[in-house]
Amino acid sequence: MPPSIALRMNHALPAERPQSRRRSTGGTPIDRLLRVGREVRFAQGARLFDEGGHADRFWIVRDGTLALDLHVPGRRAPVVETLGVGDLVGWSWLYEPYVWQFGAEAVTPLRAYEFDAVAVRHGGPPGRAKPRVGACLHDAEFGRVVEHWVGRVLAHRLRAARTRLLDLYGPYASGGA
């Protein structure tokens, strides 16, 4: 991973470990997480996931933008938030029942790091020879950092969704409700 990507990702996943512990535990949370990720690309207009689908992965945007949207019966799905470089895409993978709460579509061509949710939560599916470098359940401190990060993102996304929906459908809405 180029150093410039690591610097831009610092707002996505904070490096909360003291320097002395980084050597003994395999690096910062960012380093450890990136070891279980892979690079992917999405064309403009591609759907990453749909609301109500099974949340089995998540992404950190490397380049491009995507829109989070919300299904509203009888209407076109409103965009709740637009995400870009360094942003976490998806939080539903961490919390049961692992179902997407929003949908996501690439607004521009998109490059991202993709992470297998099971590998990050549990250390990988049974029988797979993937190291447990990022397993939240097997490393309490790593799990705490990841849950804190995702919790902050979740709180922000819910505030953004509420604000956007009030703007679209509230009594003085600009969306023509």
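Quick note: numbers below take in every heavy atom, side chains included, and nothing from hydrogens, waters or symmetry partners.
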Exercise. Which heavy atom of Pro78 sits nearest a heavy atom of Leu70, and at what distance?
Worked result: CD-O, 3.0 Å
Identify every side-chain donor-acceptor pair in residues 96-107 under 3.5 Å, counting partners at least two apart or on other chains, and give the distances.
| unit_1 | atom_1 | unit_2 | atom_2 | d |
| --- | --- | --- | --- | --- |
| Trp100 | NE1 | His54 | O | 3.3 |
| Gln101 | NE2 | Val99 | O | 2.9 |
| Glu105 | OE1 | Arg47 | NH1 | 3.4 |

Seminar exercise, completed: Output for pair (Asp56 CG, Ser92 OG), nearest 0.5 Å, gives 11.5 Å
For this session: Only one of Leu66, Thr65, Val40 passes side chain to side chain contact (heavy atoms under 4.5 Å, CB included) with Leu110; say which it is.
Result: Leu66
Problem set entry | Contact check, side chains of Arg62 and Val85, non-hydrogen atoms, under 4.5 Å | no
Exercise. How many angstroms lie between atom CZ of Arg159 and atom NE2 of His156, to the nearest 0.5 angstrom?
Worked result: 7.0 Å
Exercise. Which atom pair, heavy atoms only, marks the closest approach of Ala55 to Ala117?
Worked result: O-CB, 4.5 Å
Problem set entry | Non-neighbouring partners of Arg76 that pass side-chain hydrogen bond (donor to acceptor under 3.5 Å, both in side chains), sequence neighbours left out | none
For this session: Calculate, to the nearest 0.5 Å, the distance between atoms CG and CZ belonging to Asp167 and Arg162 respectively.
Result: 12.5 Å
For this session: Calculate, to the nearest 0.5 Å, the distance between atoms CG and CG belonging to Leu88 and Leu83 respectively.
Result: 8.5 Å
Exercise. So Ile60 and Leu33, side chain to side chain contact (heavy atoms under 4.5 Å, CB included) or not? Walk me through it.
Worked result: CA-CA 11 Å; Ile60 295 176; Leu33 187 61; 4.2 Å; yes
For this session: Would you please indicate yes or no on a ring centroid separation below 6.0 angstrom for Phe49 and Trp93?
Result: no
Exercise. Do any N or O atoms from the side chain of His138 and from the backbone of His122 form a donor-acceptor pair under 3.5 angstrom?
Worked result: yes
Exercise. Counting only N and O atoms by type, is there a donor-acceptor contact under 3.5 Å from the side chain of Asp116 to the main-chain atoms of Ala119?
Worked result: yes
Exercise. Can you name the nearest heavy-atom pair linking Gly151 to Tyr95, along with the distance?
Worked result: N-OH, 4.0 Å
Exercise. At their closest point, which heavy atom of Phe115 faces which heavy atom of Val120, and how far apart are they?
Worked result: CB-CG2, 4.2 Å
Problem set entry | Approximate separation, where rounding is to 0.5 Å, of Leu94 CG and Leu154 CG | 9.5 Å
Exercise. Within the side chain of Glu51, is there an N or O that forms a donor-acceptor pair under 3.5 Å with the backbone of His71?
Worked result: yes
Problem set entry | ILVMFWY cluster, Val79 and Leu48 together (side-chain gap under 4.5 Å) | no
Problem set entry | Heavy-atom side-chain contact between Phe58 and Tyr113 under 4.5 Å | no
Seminar exercise, completed: Taking every heavy atom of Val61 against every heavy atom of Gly84, the minimum-distance pair comes out as CB-O, 3.2 Å
